[in-house]
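Just so you know, residue 1 is the first one in the sequence shown, and it goes up from there. For ligands, and for the atoms within them, numbers begin at 1 and follow the listed sequence. Everything numeric in this text was worked out from a predicted model, so none of it was measured.
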Amino acid sequence: MPEVADIFRLHGARYLERFGQTMLPSHRRALRDLCNCRTAALGGQLYVCDHCGREHYVYHSCRNRACPKCHGKDTEAWLVARRQELLPVPYFHVVFTLPQELRDLMRQHQKILYPILMQAAARALMKLAADPHYVGGLIGVLAVLHTWSRTLIYHPHIHCLVPGGGLSADGQWRPAREGYLVPVRALSPIFRGIFLDLVTSALPDVAIPDSVRKRAWVVYCKPTVQGAENVLTYLGRYVHRIAITDRRILAVEDGKVTFRYQNARTHQWRTMTLTVEEFIRRFLQHVLPRGVHKVRYYGLWAPSNKDKLQQIRQSLTTEDAGRALPSAEKSNGAVSPQAGSAPARCSFCQKGSLLFLRRVPAQQRSPP
Ligand SMILES: [Zn+2]
Ligand SMILES: [Zn+2]
């Protein structure tokens with residue numbers, strides 16, 4: 001089956017020739033890294049089978065954030081660590097979407113505006129939750145930036161995972177009402193207001209279309225009925241991943257790419273065919289600029305609240321001792337090794353074990 005890297009290897013050079021002049025450095029780097037991932041270009045290690053004597057090359061991975069082949073283990077490690085942080089309370093899943101009219105602006109100022117979008121979402125939630133009508137305390141917000149739709153369209157939005165409760169001014173835990181965090185209708189204009197204020201002070205010269213000031217911005221807020229862990233798993237898939245996985249690529253032929261995607265509403269699988277050029281363009285628009293974080297923590301999760309949070313966790317756990325706690329597996333700090341590890345068995349003879357022979361230096365290969 002073809003992979004994203006194959007598309008770049010076959011068609012990247014032509015794409016660079018046509019658009020290289022105007023491409024962002026992060027996009028050019030992603031193109032190069034994905035082509036080189038797990039190839040001789042990055043070097044690696046040479047093993048030999050102790051049975052049939054055949055040689056096995058295990059090449060380094062590129063570790064680029066946009067690489068669909070790297071980061072599988074990072075996702076696991078991330079999930080293990082996040083599960084440990086979960087409080088034994090109901091959680092809410094809140095999604096904030098940027099209006100379509102502002103997508104071009106966002107695209108032009110990604111480094112400044114992605115953090116602002118995340119901050120506006122978190123601040124709006126914290127502001128409304130602090131109201132004694134709702135939670136009456138400081139909530140914690142785990143925010144994750146997504147930029148893609150299932151067909152790789154540019155669609156920036158923020159997913160937030162929020163515990164149903166917060167810390168009151170006198171240090172007590174205040175649970176949210178059952179199945180209810182904050183009113184979405186009130187949340188939307190607060191989010192819009194904070195976002196536009198932050199944009200205006202960061203980029204005083206940009207013009208904001210009047211229409212977006214009048215319209216309600218799309219905000220979704222639901223209790224996590226299947227548990228916070230499910231939402232975490234869903235989010236974890238995105239944290240270390242780029243817009244499309246290799247498994248979704250069906251064919252690359254005649255200058256066209258066919259891939260499958262799941263319809264967001266019907267959940268039915270469909271296929272889509274794009275020209276290679278359009279596919280590469282759509283893919284690269286989700287490569288984040290260097291230094292932009294996909295995940296941020298706000299409010300109760302701030303490092304300054306660490307001790308208080310520990311106390312809350314203990315008191316909630318003793319109060320609720322009968323309830324099953326979220327699985328708190330011990331993180332083994334697993335981080336993918338830079339080189340892919342050698343398979344345990346020889347893939348040629350299926351009998352021998354592999355012995356390390358020597359390091360293979362990286363080849364200075366020019367970009368595609
Ligand atoms: Zn062998
Ligand atoms: Zn890679």
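Ala202 and Ile112 make their closest contact through CB-CG2, 3.8 Å (heavy atoms, listed as atom of the first residue, atom of the second, distance).
Judged by the 6.0 Å and 45° rule, Arg248 forms no cation-pi pair with Phe259. Geometric assessment of Arg107 against the ring of Tyr154 yields a positive cation-pi assignment under the 6.0 Å and 45° thresholds.
The angle Cys37:SG - the Zn ion (ligand 2) - Cys62:SG amounts to 110°, with values rounded to 10 degrees. Around the Zn ion (ligand 1), the two atoms SG of Cys49 and SG of Cys346 are separated by an angle of 100°, to 10 degrees. One finds an angle of 120° at the Zn ion (ligand 1) between SG on Cys349 and SG on Cys52, to the nearest 10 degrees.
When side chains are defined from C-beta on, Tyr134 does not count as touching Leu181, because their heavy atoms never get closer than 4.5 Å.
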